[in-house]
2 protein chains.
Amino acid sequence: MTPHATVVESLRQEGYRLTPQRMMILDIINDSVSHMSAEEIHQKVRERYPFVNISTVYRTLNLLKRLRLISETDLGEGYVRYELLERERHHHLVCRRCGESFALEHDFLKPLQLRLLKKYGFAADLDHFAIFGLCQRCRSGEGTAAAGKEGQHGAD
Amino acid sequence: MTPHATVVESLRQEGYRLTPQRMMILDIINDSVSHMSAEEIHQKVRERYPFVNISTVYRTLNLLKRLRLISETDLGEGYVRYELLERERHHHLVCRRCGESFALEHDFLKPLQLRLLKKYGFAADLDHFAIFGLCQRCRSGEGTAAAGKEGQHGAD
DNA sequence: ATGCATGCAAATTGTTTGCACTTCA
DNA sequence: TGAAGTGCAAACAATTTGCATGCAT
């Protein structure tokens, strides 16, 4: 599948070249069901064409990020995940105890976004947020305490 | 100034030792006006007692974080900042273009926190959030584009 | 042709860890 | 006295960068 036309056009319009590497990386991100890490993207790209360097992946990711074509999300895993911004907005509730991650509809954050815009004229990038806390199960004491990461991490 | 009694007691009650290093680190965090990086804390501590190692700082910070006595905030600077959780909650709006940071009262996030609790039973750690976006000035085109960090970064 | 893009390897950097020594409870 | 805490240095791992080469426009 080819990257959605808008992404490609965004690149061209800004004067960036559409190299095979960038195409492949875009393809991968576009095809993926969920958000991927740089390493995962690199692996996938190499399955098709083994000579793409990880630094190229990072450089492309940074470019797309700067152009706001992809979002960057820190789920507290020690690396960040990327995803096309075209996708339907969604967010995550991440339990700091058991590590479980729950989806959160974007509508949940819309009021906040709107208030920030109205009161401060601040256009928040609430594209793909991660909110840390304690899930219901862990709160009620029966937490599995599996892969719990401590602390409050970033939303992208 | 001595760390607030509650913090000290929290430590003791959990069975942790109250070593001079931990005291000093707590003092520093407590005295500081704003949130500090691990490196800054280390520097300050060394002004008083030059033999405290950076790894001890990190270990102490992680301990306090685990006990939820301090918050960890990622302002997109490449390192995280720490702060006593006793403090009055506040958050940040960080402009991705000019890098400027604006304070945001906690009341702004309370509705979200409440809704997450009610609907999902999820107790969000909305202690010290950072929300990235475009500030009013930059939106109106007169952005200074000073230290702009690209991408969407985490709240702590 | 010419400057943007890539590959490669080395560097960076915040943070963590292993281990021996120390010290508090 | 014995586990918890510390110092030190080395390890880590994700990401970035310098530079020579290559390719798109």
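Please read all numbers here as calculations on a predicted model, not as lab measurements. Convention: sequence-line order gives letters A, B, ...; per-chain numbering from 1. All values below were derived from every heavy atom in this structure, side-chain atoms included, with hydrogens, water molecules and symmetry-related copies excluded.
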(request) Go through the structure and list residues passing side chain to side chain donor-acceptor pair (under 3.5 Å) with B:Y58, not counting sequence neighbours. (result) none
(request) Between B:Y49 and B:R17, just flag the one whose closest nucleotide in DNA chain D comes earlier from the 5' side. (result) B:R17
(request) Flag this pair as yes if the NZ/CZ of B:R22 is under 6.0 angstrom from the six-membered ring centre of B:Y16 and inside a 45 degree cone about the axis; otherwise no. (result) no
(message) Without decimals, in angstroms, what is the distance between B:R46 CZ and D:dG7 C1'?
(response) 12 Å
(request) Provide, to the nearest angstrom, the distance between the CE atom belonging to A:M24 and the P atom belonging to C:dA5. (result) 15 Å
(request) Among C:dT15, C:dC4, C:dC8, find the nucleotide with the atom closest to the side chain of B:Y58. (result) C:dT15
(message) Just verifying a value: how many Å separate B:S34 OG and B:E40 CD, rounded to the nearest 0.5 Å?
(response) 7.5 Å
(request) Give the nucleotide from the list C:dT16, D:dT16, D:dC8 with an atom nearest to the side chain of B:R59. (result) D:dC8
(request) Kindly say if A:N62 contacts the phosphate of D:dT16, meaning a side-chain N or O under 4.0 Å from OP1 or OP2. (result) yes
(message) Tell me whether the rings of B:F129 and B:H91 are parallel (<30°), tilted (30 to 60°) or perpendicular (>60°).
(response) perpendicular
(request) Scan for ring-ring contact (aromatic ring centres under 6.0 Å, His included) pairs involving residues 17-39 of chain B, sequence neighbours excluded, and state none if there are none. (result) B:H35-B:H90, B:H35-B:H92, B:H35-B:H128
(message) With a cut-off of less than 4.0 Å, is there a side-chain N or O of B:R22 near OP1 or OP2 of D:dT6?
(response) yes
(message) Measuring from the side chain of A:S55 (C-beta onward, heavy atoms only), which nucleotide among D:dT15, C:dC19, D:dT17 has the closest atom?
(response) D:dT17
(message) Please tell me if B:N53 has a side-chain N or O lying less than 4.0 Å from either OP1 or OP2 of D:dT6.
(response) no
(request) For B:M23 and D:dT6, give me the distance from atom CE to atom P, rounded to whole Å. (result) 13 Å
(request) To the nearest 10°, let me know how far the axis at one end of the helix from C:dA1-D:dT25 to C:dA25-D:dT1 is tilted from the axis at the other, five pairs an end. (result) 30°
(message) Can you tell me which nucleotide in C:dG7, D:dT6, C:dT23 comes closest to the side chain of A:T56?
(response) C:dG7
(request) Identify, between B:R12 and A:L63, the residue whose nearest nucleotide on DNA chain C lies closer to the 5' end. (result) A:L63
(request) With the side chain of A:Y16 defined as its heavy atoms from C-beta on, choose the nearest nucleotide among C:dA5, D:dC8, C:dT15. (result) C:dA5
(message) Is it true that A:Q43 and A:E47 share a donor-acceptor pair across their side chains at a distance under 3.5 Å?
(response) no
(request) Among the candidates C:dA25, C:dT15, D:dT6, find the nucleotide nearest to the side-chain atoms of B:Y79. (result) C:dT15
(request) Assign A:L18 to base, sugar-phosphate, or nothing according to its heavy-atom contacts below 4.0 angstrom with the strands shown. (result) sugar-phosphate
(request) Search all heavy atoms of B:A130 against all heavy atoms of B:D74 and return the closest pair with its distance. (result) CB-O, 3.7 Å
(request) Find the distance B:E40:CD to C:dG14:P and express it as a whole number of Å. (result) 11 Å
(message) Which nucleotide wins on minimum distance to the side chain of A:Q21, given the candidates C:dT15, C:dT6, C:dA25?
(response) C:dT6
